[in-house]
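Heads up: the structure comes next, in structure tokens.
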Amino acid sequence: MKKFKGISTSPGIAIGRIFLYLDEKLKVPRYDILPDDLEAEFDRFKEASSRATEEIKALQKNASERELVEESQFLESHILMLSDPEFLSSIERNLKSYLKNVEWILYLTVKQVVKKLESADSPYLRERTVDIHDVAKRVLSHLMFNERVSLSDLKNDVIIVCHDLLPSDTIGMKRERVKGIAMNAGGKTSHTAILARAFQIPAVLGLSDITDYARSAERIIVDGDNGVVILDPDKKTLAEYNEHLNEWHRHEKVINLQNKLACVTEDGKRINLYANIEVPEEVESVIEHHADGVGLYRSEFLFLQADGDATEEKQFNAYSHVLKSMKGKGSVTIRTLDVGGDKLIPDISVIGEKNPILGWRSVRFCMGRKDIFKTQLRALLRASVSGNLRIMFPMISGSDELDDILDVLEEVKKDLDKENVPFDRTIPVGIMIEVPSAAVTSDLLSKKVDFFSIGTNDLIQYTIAVDRGNEKVAYLYEPFHPAVLRMIKMVIDNANDAGIPVSLCGELAGEPKAAAVLLGLGLENYSMSSNSLPEIKKIIRSITMKEARKLSETVLGMDSAKEINRTITEWMEGKFGK
Ligand code: PEP
Ligand code: MG
């Protein structure tokens, strides 16, 4: 049994079998074996090698059928490498002398072969190093995984253990099969985290090196509430966790009783609770939770699902579906494409930017690709006749940028008018406040738009200069940093002065510890993943505005995030018990 501590990211407990998901950064596991295990280890290698050979033969057959002579010859050389007696005896020899698992031995042997080839006089031999790596990777993948299945094709219930997941992996995976996620990389507001919460999959991220220890198909526990992952749990731990799991289901039932209650503070102030969604199917959960509307629909996931080919029709259908489903139940705020940063979309994203988080992302990308942007705006405007739509632009950094974007929106409206295509002429247009320059100039920006939504995930990242997805700096990612709290307050005050509504749709909105402080700062509109709604409602219903204001005034006077955290924890314990 081995226990790991990471970042609790998506609540709930999952007990199941490991599915080690291969990606480029996955490290080769290294552990000791006993002399008695030597034969079994070598057999594992032979088995993996023969599976890899079958796979290459199939590729070769395909290449010859298509008369790809050169490719077929390369593949032939890969088959020869795998059956080379010298290579096989090096593996056997290294196994005996190092007494380590065969994945590691393969890695080591390949390193030795490559070293030899690199010093060869013949350029042909030197070029063969690429082939060696290719072949080794193929065998390794068979050694480390029972089956080479993609996440969209999972046949059994699994718990994914991996270095990192791309948003495209997460959006494309067979969700009903994924019972939990444990990942080396990632932080609380990384997009994998957001999707895990949206799909209600317990997840622990930021585990650094769990892939070095996890073995395919072994039992694992993911405790998303406490950020704990246990590999190969003993019987006692397993029994304890099964009990926690039962308790968790009981708690879920009780907390969901909140769904039908109104969100009013103890002294009668009505607060609006909206839901964030990433895919149109989530709208069912929004309705089940009786949210006041959709506060943030992250449209980029539609582009991800469509592999970059999100046509106007596809978008129109998705937006119309959400709007129709929510008709009479609340407004739907759809955010325009927020691609880039850690949300790369194959086919349309720029890969390899030096500073993607500060680079060509979001509205900056859209203004550079007006074809994509205008298509989305057309789809949105056309869909607006189906319900109560609000359009929101992300990553706004200042007034000039906003003016240019609003001009494009006007152009698209004119085009639709020319074509006699109907749309709602009163659609509110708003912006996300998630870049510090926008927060600081929110008094100016408030004159140009109908609403604000504070995106704390990015606002924290940019204010503290800390990558929200990097586990190594996750300790600095602090929502209660005084600078962040001041900025939130500044934006709320400026919106109030301008008489426009302001909501907060970053993960902080669904954080129980933040609920009272945000209320005290004047927040009246929260937007969060649906399953966080009942807990936040329960807290808001148990406090008065006076209490909330007092708490926020106290913490605004503090200079240390640690002290603020401690103060809020004590306040919550005093109010709700431990
Ligand atoms: C945010 O930045 O707070 C936000 C809601 O947007 P996203 O998490 O999609 O970047
Ligand atoms: Mg953001």
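When a ligand or atom number is given, it counts from 1 through the structure's own listing order. Computed over heavy atoms, backbone and side chain alike; hydrogens, waters and symmetry mates excluded.
The number of heavy atoms from other shown groups lying within 6.0 Å of NZ (K324) does not exceed 12.
Contacts between I454 and ligand 1 below 4.0 angstrom, taking non-hydrogen atoms only, are absent altogether. Contact annotation: for L296 versus ligand 1, heavy atoms closer than 4.0 Å belong to the side chain alone. Neither the backbone nor the side chain of L459 comes within contact range of ligand 1; no heavy atom lies under 4.0 Å. Here M432 has side-chain heavy atoms under 4.0 Å from ligand 1, and that is the only part of it that gets that close.
In this structure, R335 counts as a contact residue of ligand 1, since one of its heavy atoms falls inside 4.0 Å of the ligand. Heavy atoms of R468 come nearer than 4.0 angstrom to ligand 1 in at least one pair.
For the salt bridge (Lys or Arg N to Asp or Glu O under 4.0 Å) criterion with K448, the lone passing option out of D400, D404, D407, D403 is D403.
The aromatic rings of Y319 and Y297 lie perpendicular to each other, with more than 60° between the two planes, well past the 30° mark.
Side chain to side chain, S503 and S453 meet the donor-acceptor criterion of an N or O pair below 3.5 Å.
Salt bridge status for E410 with K413: present, with a side-chain N to carboxylate O gap under 4.0 Å. Under a 4.0 Å N-O distance rule, the pair R175/E281 qualifies as a salt bridge. Ion pairing of R468 with E507 is absent here, as no side-chain N (NZ or NE/NH1/NH2) approaches a carboxylate O to less than 4.0 Å.
Listed by chain and residue number, nothing satisfies the side-chain hydrogen bond (donor to acceptor under 3.5 Å, both in side chains) test with S560 (two or more places apart in sequence, or in another chain).
Inspection of the environment of the Mg ion (ligand 2) yields the following protein N, O or S atoms under 2.8 Å: E434 OE1, D458 OD2.
Near H191, the atoms of ligand 1 lying under 4.0 angstrom from a non-hydrogen atom of the residue are 7 (P), 8 (O), 9 (O), 10 (O). The ligand atoms of ligand 1 that sit less than 4.0 angstrom from a heavy atom of I194 are 8 (O). Atoms of ligand 1 lying under 4.0 Å from at least one heavy atom of D338, given by number and element, are 10 (O).
The CD atom of E312 sits 10.5 Å away from the CG atom of L377 when rounded to the nearest 0.5 Å.
Considering backbone and side-chain atoms together, R298 places an N or O closer than 3.5 Å to an N or O of ligand 1.
Between A14 and K179, the shortest heavy-atom contact is CB-O, 3.0 Å.
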For the pair K374 and D371, evaluate salt bridge (Lys or Arg N to Asp or Glu O under 4.0 Å) and give the outcome as yes or no after the intermediate values. CA-CA 5 Å; K374 284 186 166 180; D371 52 332; over 6 Å; no
